[in-house]
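For reference, the structure discussed in these notes is given below.
Note that these values count all heavy atoms, side chains included, but never hydrogens, waters or copies made by symmetry. In this text the structure is predicted, and so the values were computed from the model without any measurement.
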Amino acid sequence: MNTLRILESLPSNVMMEKMSELKRIIGVDSLPVFEEFILTNNVCMSRLNHYKKKSIEFSIDYFLGFSSKKNYDIIHTVGVYEGRMPDELFPIAIVDGGDLLCMHKNTGCIYYWFHEEDDWGLEGNQKYPAQVGTDLNSFIDNLTTSPQPTQEEIRQVMKHGSVTITPKAVELKNNQRKAEGLPPLSFEEWDKLLNNR
């Protein structure tokens, strides 16, 4: 069973006002399953957050809710993506890489909006987002843990990635070395050691 961690909560009267505003903005009278979800969890993260079926794979960063932080706020996000997806869909979660998880206003089905292919704001694009679930609750219950990186992905990061060194990091690392009876290293020595230079 999946669990959700609430990132931001608001008083119930504020939540009800915001829910009324959301329904007015997206043009529906009722969103029973989603309304219960958002009023219970607001902005939240899912412990199990990975989806993979056929050629579609993604991880959910967080579910949108009502917030003064624009990146968390569903009403703000609906406005940002207006005209960039079919009118019957609205965003409900942020997916890694700038993509969205959306819900159909009438059916409650769940869709994956891939920004590179499904963005109707791009000239000539009318590709419909892929359906990934028939309802929100079963979709969340079928998520899994995010996979660990492959050895090839680790090799690529080790080859092309870099570690940012700060004076505080050097101080902490040198304190660890001191506790082990080792001499401190300079900023340049740590940079060379950590970045394989």
Side-chain angles (χ1 to χ4, degrees), residues 1-8 22 26 31 33-38 40-65 67 69-164:
M1 181 172 163
N2 205 346
T3 56
L4 300 168
R5 180 170 59 96
I6 296 172
L7 300 176
E8 184 173 339
L22 175 65
I26 63 175
L31 291 168
V33 173
F34 185 68
E35 188 168 346
E36 179 184 344
F37 176 83
I38 201 168
T40 302
N41 302 293
N42 198 26
V43 179
C44 63
M45 293 180 74
S46 177
R47 182 178 62 83
L48 304 175
N49 69 339
H50 192 73
Y51 176 92
K52 182 176 183 178
K53 294 241 168 77
K54 299 179 184 173
S55 63
I56 300 175
E57 181 175 7
F58 59 86
S59 293
I60 298 170
D61 290 338
Y62 53 89
F63 286 91
L64 296 163
S67 175
K69 298 174 187 165
K70 290 180 180 181
N71 291 343
Y72 284 176
D73 189 62
I74 190 167
I75 293 172
H76 173 77
T77 305
V78 166
V80 168
Y81 290 95
E82 184 177 358
R84 296 178 62 187
M85 65 181 62
D87 288 341
E88 61 273 16
L89 300 182
F90 67 98
I92 61 169
I94 302 297
V95 173
D96 59 355
D99 302 331
L100 298 169
L101 192 67
C102 299
M103 179 179 274
H104 193 285
K105 296 175 189 180
N106 302 318
T107 66
C109 290
I110 307 301
Y111 291 83
Y112 172 58
W113 184 84
F114 180 50
H115 76 280
E116 292 179 10
E117 295 178 7
D118 303 331
D119 190 342
W120 286 23
L122 300 174
E123 188 176 331
N125 189 22
Q126 294 289 300
K127 182 180 173 292
Y128 206 88
Q131 184 175 340
V132 294
T134 56
D135 68 271
L136 182 60
N137 291 330
S138 64
F139 174 81
I140 291 172
D141 286 342
N142 287 306
L143 293 172
T144 62
T145 56
S146 292
Q148 296 295 317
T150 64
Q151 289 301 316
E152 176 59 21
E153 290 169 331
I154 292 171
R155 189 183 72 69
Q156 288 295 325
V157 168
M158 294 301 291
K159 183 177 180 183
H160 301 290
S162 66
V163 176
T164 302

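In this view, Asp73 satisfies the salt bridge (charged side-chain N to carboxylate O under 4.0 Å, His left out) rule with no residue, not counting sequence neighbours. Partners of Lys127 by side-chain hydrogen bond (donor to acceptor under 3.5 Å, both in side chains), not counting sequence neighbours, listed by chain and number: Asp118. Remark: Thr77 pairs with no residue by the side-chain hydrogen bond (donor to acceptor under 3.5 Å, both in side chains) rule, at least two apart or across chains. Under the side-chain hydrogen bond (donor to acceptor under 3.5 Å, both in side chains) criterion, Thr145 pairs with no residue at all, not counting sequence neighbours. Under the side-chain contact (heavy atoms from CB on, under 4.5 Å) criterion, His50 pairs with Lys52, Glu57, Ser59, Thr144, Ser146, Pro147, not counting sequence neighbours.
Here the CG atom belonging to Asp61 is positioned 9.5 Å from the OH atom belonging to Tyr72, to the nearest 0.5 angstrom. Rounded to the nearest 0.5 Å, atoms CE (Met45) and CZ (Arg5) are 5.5 Å apart. The distance from atom CD of Glu8 to atom SG of Cys44, rounded to the nearest 0.5 Å, is 11.5 Å. The distance from atom CZ of Arg84 to atom CG of Asn125, rounded to the nearest 0.5 Å, is 11.0 Å. With values rounded to the nearest 0.5 angstrom, Ile38 atom CD1 is found 11.0 Å from Phe63 atom CZ.
Ring geometry for Phe58 versus Tyr112: interplanar angle under 30°, hence parallel rather than tilted (30 to 60°).
Residue Cys102 comes nearest to Pro91 through the heavy atom pair SG-CA, 4.0 Å, listed as atom of the first residue, atom of the second, then distance. The minimum heavy-atom distance between Leu22 and Val78, with the atom names listed, is CD1-CG2, 4.2 Å. Of all heavy-atom pairs between Asn2 and Ser46, the closest is ND2-OG, 2.7 Å.
Listed for the Asn49 side chain is no donor-acceptor partner under 3.5 Å among the backbone atoms of Leu143. The main-chain N or O of His115 is found under 3.5 Å from a side-chain atom of Asp99 such that the two form a donor-acceptor pair.
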With a 3.5 Å cut-off and sequence neighbours excluded, list the donor-acceptor pairs that the side chains of residues 135-142 form with protein atoms.
| residue | atom | partner | partner atom | Å |
| --- | --- | --- | --- | --- |
| Asp135 | OD1 | Ser138 | OG | 2.8 |
| Asp135 | OD2 | Asn137 | N | 3.2 |
| Asp135 | OD2 | Ser138 | N | 2.9 |
| Asp135 | OD2 | Ser138 | OG | 3.3 |
| Ser138 | OG | Asp135 | O | 3.4 |
| Asn142 | ND2 | Ser138 | O | 2.7 |

side-chain contact (heavy atoms from CB on, under 4.5 Å) assessment of Ile26 paired with Leu31: CA-CA 10 Å; Ile26 63 175; Leu31 291 168; 3.6 Å; yes
side-chain contact (heavy atoms from CB on, under 4.5 Å) evaluation trace for Ile94 with Leu100: CA-CA 5 Å; Ile94 302 297; Leu100 298 169; 3.6 Å; yes
Worked check of side-chain contact (heavy atoms from CB on, under 4.5 Å) between Met85 and Trp120: CA-CA 5 Å; Met85 65 181 62; Trp120 286 23; 5.6 Å; no
Worked verdict on Trp113 versus Leu89 for side-chain contact (heavy atoms from CB on, under 4.5 Å): CA-CA 10 Å; Trp113 184 84; Leu89 300 182; 6.0 Å; no
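Ile92 is listed as a side-chain neighbour of Ile110, based on a closest heavy-atom distance under 4.5 Å.
The neighbour count for Glu36 CD, taken as heavy atoms of other residues, nucleotides or ligands under 6.0 Å away, does not exceed 12. Within 6.0 Å of CD on Gln131 lie more than 12 heavy atoms contributed by other residues, nucleotides or ligands.
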